[in-house]
S.K.: 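Structure provided below as structure tokens; questions to follow.
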Amino acid sequence: MIEINETVSKALKEKKAVVALESTIISHGMPYPENVNMANTVEKIIKDEGAVPATIAIINGVIKVGLTQEELLYLAQAKDVVKVSKRDFGYVVSQGLTGATTVSATMLIAKMAGIKVFATGGIGGVHRGAQQTFDISRDLEELASQEVCVVCAGAKSILDLGLTKEFLETKGVELLGYQTKELPAFYTRESGFDVDYKMDTPEDIAKLMKVKWNLGLSGGMVVANPIPKAYAQAKDKMDLVINEAINKANELGVKGKDITPFLLDYIKTHTKGESLKANLELVYNNARLAAQIAIAYH
Ligand code: PSU
Ligand code: MN
């Protein structure tokens with residue numbers, strides 16, 4: 001039911017550095033062909049740093065750790081790929097379907113495979129208005145339970161970042177800023193919120209991982225790595241588009257698992273692709289740091 005490709009399984013046996021990568025970002029987070037180019041570039045960056053990339057998805061009911069070019073291309077182009085969170089996992093595998101894994105499902109699979117470091121763009125969180133809708137991403141529960149370090153560029157302000165921080169605190173998940181005290185908000189380096197702790201080196205982060213897990217403390221941690229300055233977007237401009245996107249989603253009654261992809265697509269369309277460039281660069285930046293953390297951990 002789980003297939004780990006040869007390179008990844010050899011690296012895991014030899015206790016070498018491996019970095020897990022999600023696939024929802026490919027199928028539901030970016031348009032074709034930028035998505036497949038991104039997936040290949042991310043793998044190359046991780047290899048150049050000296051670690052082994054492991055892109056994760058469910059292909060025809062088989063859990064795959066490490067994908068072929070053909071599988072990546074299918075995930076990038078097909079319209080029938082299910083967005084898989086923990087709730088969808090059993091159904092998709094038992095029905096032999098193909099699914100792109102979110103941060104939550106990717107963490108579950110990383111845990112099964114024994115991968116400790118995971119790179120992505122942005123994590124899910126507590127949505128604005130969650131007091132009424134209860135819309136809290138499964139990503140946060142999986143961060144609370146799985147021993148995986150997730151490197152991201154913070155979370156988009158489509159979410160309520162204050163409530164997301166509270167939820168992470170309740171669940172005992174560290175929110176670590178990489179060389180920053182301020183929580184980055186994906187497109188922007190600033191959000192108006194602090195991180196819990198500023199960490200300055202991959203070695204410091206690896207040490208925290210070891211100490212936490214050696215003490216038997218369960219769950220993962222979030223490393224928030226700000227987008228490089230050259231690609232960062234202006235906060236007021238992004239705030240405006242994000243508010244518009246949320247109003248549109250409410251007007252159309254978009255709900256549940258469709259909300260995040262809807263908002264991502266709206267933002268992309270209404271910033272004339274400028275946000276897509278920023279999105280690609282921050283993912284590359286996260287892949288590089290994740291590889292360095294994985295190497296420092298081993
Ligand atoms: N946020 C982004 N880009 C993404 C996602 C979130 O900026 O591609 C994807 C990730 O796969 C994340 C998922 O795990 O959306 C969260 O979805 P939801 O909000 O439905 O839990
Ligand atoms: Mn949700």
Side-chain angles (χ1 to χ4, degrees), residues 20-32 34-35 38-39 42 55-58 75-76 81-89 99-110 118-144 146 148 150-161 163-164 167-168 173 183-188 191 220 222 224-227 233 238 241-242 245-246 249-250 254-268 271 275-283 285-287:
L21 298 159
E22 61 150 313
S23 44
T24 293
I25 189 174
I26 303 172
S27 298
H28 306 99
M30 282 182 197
Y32 179 81
E34 285 87 350
N35 55 3
M38 180 276 302
V42 161
T55 307
I56 290 176
I58 301 170
L75 290 169
V81 178
V82 183
K83 177 183 162 192
V84 179
S85 156
K86 184 179 183 188
R87 183 265 316 259
D88 316 283
F89 205 129
T101 50
T102 60
V103 169
S104 74
T106 308
M107 284 185 84
L108 278 165
I109 298 169
F118 169 10
T120 185
I123 53 166
V126 181
H127 280 260
R128 296 195 202 170
Q131 297 91 328
Q132 264 73 44
T133 63
F134 272 44
D135 192 349
I136 299 174
S137 175
R138 179 72 205 170
D139 293 356
L140 300 186
E141 290 288 355
E142 235 50 72
L143 277 161
Q146 309 304 335
V148 179
V150 178
V151 181
C152 63
K156 285 202 177 79
S157 46
I158 56 173
L159 303 171
D160 186 319
L161 298 180
L163 292 186
T164 302
F167 197 90
L168 289 172
V173 177
L183 173 65
F186 200 85
Y187 299 117
T188 61
S191 67
V222 177
N225 185 28
I227 182 172
Q233 306 289 298
M238 287 317 301
V241 184
I242 286 169
I246 291 172
N250 289 338
V254 185
K255 282 198 178 69
K257 70 193 276 189
D258 295 332
I259 288 195
T260 299
F262 175 89
L263 296 175
L264 300 184
D265 187 61
Y266 187 98
I267 295 165
K268 188 205 75 215
T271 53
S275 65
L276 183 57
K277 172 88 180 132
N279 199 341
L280 293 169
E281 293 297 334
L282 67 84
V283 173
N285 193 45
N286 296 341

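Just follow the structure's listing: the first ligand is 1, and inside any ligand the first atom is 1. Predicted, not measured: the structure shown is a model, and the values here were computed from it. Below, each value reflects all heavy atoms present in this structure, side chains not excepted, and no hydrogens, waters or symmetry copies.
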S.K.: From the options Thr260, Thr106, Thr102, select the one residue that forms a side chain to side chain contact (heavy atoms under 4.5 Å, CB included) with Thr24.
M.R.: Thr102
S.K.: Is there a side-chain contact between Phe262 and Lys255 in this structure, where contact means two heavy atoms from C-beta onward sitting under 4.5 Å apart?
M.R.: no
S.K.: Under a 4.0 Å heavy-atom cut-off, which residues neighbour ligand 1?
M.R.: Glu22, Thr24, Ile25, Lys83, Thr102, Val103, Gly122, His127, Ser137, Asp139, Lys156, Phe186, Thr260, Leu264
S.K.: Starting at CZ of Arg87, measure out to CZ of Arg138 and round the result to the nearest 0.5 Å.
M.R.: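 Output value for this atom pair is 11.0 Å.
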S.K.: Let's test this: below 2.8 Å, count the protein N/O/S atoms around the Mn ion (ligand 2).
M.R.: 1
S.K.: Is the shortest side-chain heavy-atom distance between Thr188 and Ser157 below 4.5 Å?
M.R.: no
S.K.: Is any side-chain heavy atom of Ile246 less than 4.5 Å from a side-chain heavy atom of Leu263?
M.R.: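 Counting from C-beta outward, Ile246 and Leu263 do come under 4.5 Å.
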S.K.: Report the residues that fulfil side chain to side chain contact (heavy atoms under 4.5 Å, CB included) with Ala155, sequence neighbours left out, ordered by chain and then residue number.
M.R.: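 Here the qualifying residues are Ile123, Leu159, Leu161.
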S.K.: Test your reading of the model: is there a side-chain donor-acceptor pair from Lys83 to the backbone of Lys257, 3.5 Å cut-off?
M.R.: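 Yes: the side chain of Lys83 pairs with the backbone of Lys257.
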S.K.: Please test Phe118 against Ile56 for side-chain contact (heavy atoms from CB on, under 4.5 Å), starting from the C-alpha separation and ending with a verdict.
M.R.: CA-CA 10 Å; Phe118 169 10; Ile56 290 176; over 6 Å; no
S.K.: Salt bridge (charged side-chain N to carboxylate O under 4.0 Å, His left out) with Asp265: which residues, sequence neighbours excluded?
M.R.: Lys268
